[in-house]
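Remember, predicted model here, so these are calculated numbers, not experimental data. In the text below, chain A, chain B and the rest are named by the order of the sequence lines, each starting its count at 1.
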Amino acid sequence: MSIKLTVNGEAKKVEVDPDTPLLWVIREQLGLLGTKFGCGKALCGACTVHLNDRPVRSCTTPVRAAADQRITTIEGIGSAAGTLHAVQQAWIDEQVPQCGYCQSGQIMSAVALLATNQTPTDQDIDHAMRGNICRCGTYPRIRNGIRRAAAVLATDTGAKE
Amino acid sequence: MGKWTRRAFIGTGVVAGGALVVGVAIRPGNRAGKVAGLIANENDTVVNVWVKIGSDNTVTAIIPHAEMGQGVHTSLAMMLADEMDADWESVRMLEAPAHEEYANYPLTRGYALGDVAIPRALIGTVDGAFLRIARSMDLQITGGSTSVRLTGQFGMRIAGAAAREVLLEAAAKQWQLPIAELTSSNSTITHSPSGQSATYAELADAASKLTPPSKPTLKTADRFRIMGTSRPRFDIPAKVDGSAKFGIDAELPNMKYAAVKASPVFGGSVREYDEASALAMPGVLKVVDLGSALAVIADGYWQAQQAINTIRIEFNGGDNAGREQSDIYQQFATNLDTANSDGGGTTDFKTGNAEKAITKAATILEVEYRVPYLAHAAMEPLNCTAWVHDDCCEIWTGSQNPLGFRAAVADALEMKDSRVTVNNHYLGGAFGRRSDPDYAVQAARIAATVSYPVKLIWSREEDTQQDHYRAAALSRFKGGLNDNGYPIAWINQFVDKHEPVEASHIPYKIDNQYIHYTDSKTHIPWGPWRSVDHTQHGFFTESFIDELAHSAGIDPYLYRRNLLEDSPRHRDILDLAASKARWGQPLPANHGRGIALQKSFNSIVAEVVEVSIIDGKLKIERVVCAVDAGIAINPDGLIAQMESGIIYGLTAALYGDITIRRGAVAQSNFHDYEILRIDESPPIETYIINSGASLGGAGEPGTPAVAPALANAIYAASGIRIRNLPVKNHDLGGNSAEALDIA
Ligand code: FES
Ligand code: FES
């Protein structure tokens, strides 16, 4: 079956069983490999992408549920000009990743959090991020990264006003 | 092995093909030609087995270790660059290809000279033959926290220093000036009096014609400019934009995907399966019976996995199909009892006469501890892409042991090693698991049945149930105290011993010690798990010393301290952790602190855990860690590794529980093999002592002390003594059997 998707702003058409999890369509059909497989059961968050700007676990989202909608992956959150999203920059500044495998998912969850909540409390961070496992234990740095990105975004917004 | 002299190691410099190779090789002979062919790009001069200088004056460190998040690529490059006086901004790094020229010689040397015990677990994976490895030095392993202290110390630093000396000599010759008047810095050699200078790139060609020094001078710590400073890791930018390539991201034209299901009972085999219904499923191309496992190849991974999940497969579990976890624990206890009654078992360490001394003790404490099996659960499920064509096999994977993988795949396909190529990628976590080549062998055997490349991905369920596990173990203690409450006898008996040998030894001054063990084989496959035997022994010994302190009515920190008079480094680290944790200062009700200390992989770590237990609910409030790794090469990297090791250890202590049911692992995914999440992750403070002692590891030493520190904190807060892990199996509301025990 043919399904239309908008991925990182580009219109795409894939021929695929509509039950196929979005994760495997993104990776195998669209060749966007930044989104990772960790558990296949919505338990770890490694596969997190945005569906209409909301974080979803792509491993348990059938591709038909994403038909004709907007999907954003880790490859699509920076600016078109190649500059990093504030969260990505904060991740570098705080030296967050270790093995790095979970980090696309972590960043997608963090970006979604900051899009709706510019001043997250520790509880807000816990709530938004507890679905993302990091087996390397980068949690303390993820927390610092989110705080730093929030501060940067607040300054940017202030500067624009 | 006797021929590996120090001189041969440092001094075998070779000029070949116009390129300079500073010999940091153990074996004599010309290793330059082949190596140069593998790594030199056009315009590069190979100036060292571990370094090359580009025509743009970039210095590329060639590193024989895999990056799995421990920052090793950066730390090792730092060691080389500092000795070389290279400009850090133009230092790059390249992972060495899996080729015998890159076998990890410094690792072997550390073993050969007895400097360091190489974890046998890691070596044994190379087709199981330790001696063969020692002979062929087929070794390119990342594990045992050896990278910095062996490759770094004996390889990178010497390589960098030798390169620098030969470049200086080239400049001196060219300018007809004494070397003493020249200085090197930022990849440039300068003669200050005349203002002459030349970049390393400009001198590389001339340097390549010179004989390298046989014994380059290493910097003393006060002259380090790069080592000891925190440098951003090379691998991080690619890990924030999705571009980092892990094994699972290997892509080849016409590639297909495979999923696999191995016999749930270890050692079992496929008996029967419904091939027709598999082949009828969409996208399915082929069913492969591997004997111990069944694989399905399909157009997409999901299709392959669906087919494996859906079709009927029956396995022959064999003799072990009825084994339960309780049988295994019973076996451990029986084996220990038998060893005691018939005098069997093996002595691990003995000093004084513990059995006699204990008869004179004022107090005797006897306690038994137990830990379960643990899975590694690296974030990236095991996977490997293989393509068998033209009598060759190429694999793409993440491996801690690329040469071992090459040998294992070659063995399985009955090919010469040289017909197998390993393309190593970033490792999405490893923790020891990616040193075993089983998944690569599986991929190669599947790919050998077709003409196209196949990417095999294990489901999380497969990854959990086909791991090589941290051993479950039982450990019994008998401690005898004198009138002052201090131990005069320490008797410890446990099952199973792997590596490192000293894991069960204690730093405390106790005159009479008898530590012994008994093998108790099970059908559960064993594998090195972050810090290996230290994980269980750290918990056992540091819990027991705590129990002795409490039974003597002495503060457990001071109790340890008083037993460390002969171990000043241990004492300093213990003091630092205690003072930073404000040990001894009052805490609110139902709060408690626990302390523990463990030296592993040559690094000494003390940790203090602070917990609260309110209405039976445990919260880890804070962890304070103090570490002495000799010298912290990249301090922020060391801190990151401590944080990581602590969280890894906390996950195990709180939740880790792989149990055996009907011969197979009962857990399958993160719902029943739980991993610590961000909301449970405590603030962690890490403090470093640079004692200047010989270098210690970073990746593993953070883990062992945290489980006992946690258990000791739980005791301090509640009076409940945790003697069996994980903590989740205990009711901390005061109703559990353990709680009653204590009362
Ligand atoms: S892979 Fe989707 S949540 Fe784990
Ligand atoms: S960085 Fe390795 S799993 Fe998160």
| message | Does any backbone or side-chain atom of A:Ile92 lie under 4.5 Å from a heavy atom of chain B? Answer side chain, backbone, both or neither. | response |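 When you check distances to chain B, atoms from both the backbone and side chain of A:Ile92 fall under 4.5 Å.
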| Part of A:Asp17 lying under 4.5 Å from any heavy atom of chain B |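 Answer is side chain: those atoms of A:Asp17 sit under 4.5 Å from chain B.
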[X] versus chain A, heavy atoms under 4.5 Å apart: side chain, backbone, both or neither?
X        : value
B:Leu427 : backbone
B:Ala244 : backbone
B:Ala238 : neither
B:Ser230 : neither
B:Tyr301 : both
B:Glu251 : side chain
B:Ile457 : side chain
B:Gln305 : neither

Heavy-atom pairs under 4.5 Å with chain B - which of [options] has more of them than the others?
options                               : answer
A:Asp19, A:Leu84, A:Ile77             : A:Asp19
A:Lys36, A:Glu75, A:Met129            : A:Lys36
A:Val96, A:Ile142, A:Ile133           : A:Ile133
A:Gly31, A:Gly34, A:Pro140, A:Cys39   : A:Cys39
A:Gly137, A:Cys102, A:Pro97, A:Cys134 : A:Pro97

| Closest heavy-atom contact between A:Arg135 and B:Ala375? |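 Smallest heavy-atom distance, with atoms named: NH2-O, 3.7 Å.
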| Could you state the interatomic distance from CD (B:Glu462) to CG (B:Asn383), rounded to the nearest 0.5 Å? |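 Going from CD on B:Glu462 over to CG on B:Asn383, the span is 13.0 Å.
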Could you check which of [options] has the highest count of heavy-atom pairs closer than 4.5 Å to chain A?
options                                : value
B:Gly300, B:Pro237, B:Ala377           : B:Ala377
B:Leu650, B:Asp299, B:Thr651, B:Ile647 : B:Ile647
B:Ile684, B:Ile248, B:Thr464, B:Ile646 : B:Ile248
B:Ser459, B:Ala640, B:Ser243           : B:Ala640
B:Leu676, B:Asp249, B:Asp241           : B:Asp249

| query | Between the side chains of B:Ser435 and B:Arg433, does any donor sit under 3.5 Å from an acceptor? | reply |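 Looking only at side-chain atoms, B:Arg433 and B:Ser435 do not form any donor-acceptor pair under 3.5 Å.
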| task | Check step by step if salt bridge (Lys or Arg N to Asp or Glu O under 4.0 Å) holds for A:Arg143 and B:Asp679. | result | CA-CA 10 Å; A:Arg143 205 177 277 287; B:Asp679 55 333; over 6 Å; no
| request: Take B:Phe246 and B:Trp396 through the test ring-ring contact (aromatic ring centres under 6.0 Å, His included) and record every step on the way to the result. | output: CA-CA 9 Å; B:Phe246 296 86; B:Trp396 292 259; over 10 Å; no
Looking at [Y], is its backbone amide N or carbonyl O close enough to the side chain of [X] to form a donor-acceptor pair, meaning the two atoms are under 3.5 Å apart?
X        : Y        : value
B:Ser644 : A:Cys136 : yes
A:Thr6   : A:Ala11  : no
B:Asp467 : B:His376 : yes
B:Tyr439 : B:Asp463 : no

| query | Hey, are B:Glu461 and A:Lys41 close enough for a salt bridge, meaning a charged N less than 4.0 Å from a carboxylate O? | reply |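 Answer for the salt bridge query: yes.
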| query | Who pairs with B:Lys239 by salt bridge (Lys or Arg N to Asp or Glu O under 4.0 Å), at least two apart in sequence or on another chain? | reply |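 With neighbours one apart ignored, the set is B:Asp235.
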| message | Under the criterion ring-ring contact (aromatic ring centres under 6.0 Å, His included), I'd like the reasoning laid out for A:Phe37 against A:Trp24: C-alpha separation, chi angles, the key distance, then a yes or no. | response | CA-CA 9 Å; A:Phe37 164 59; A:Trp24 300 108; 5.1 Å; yes
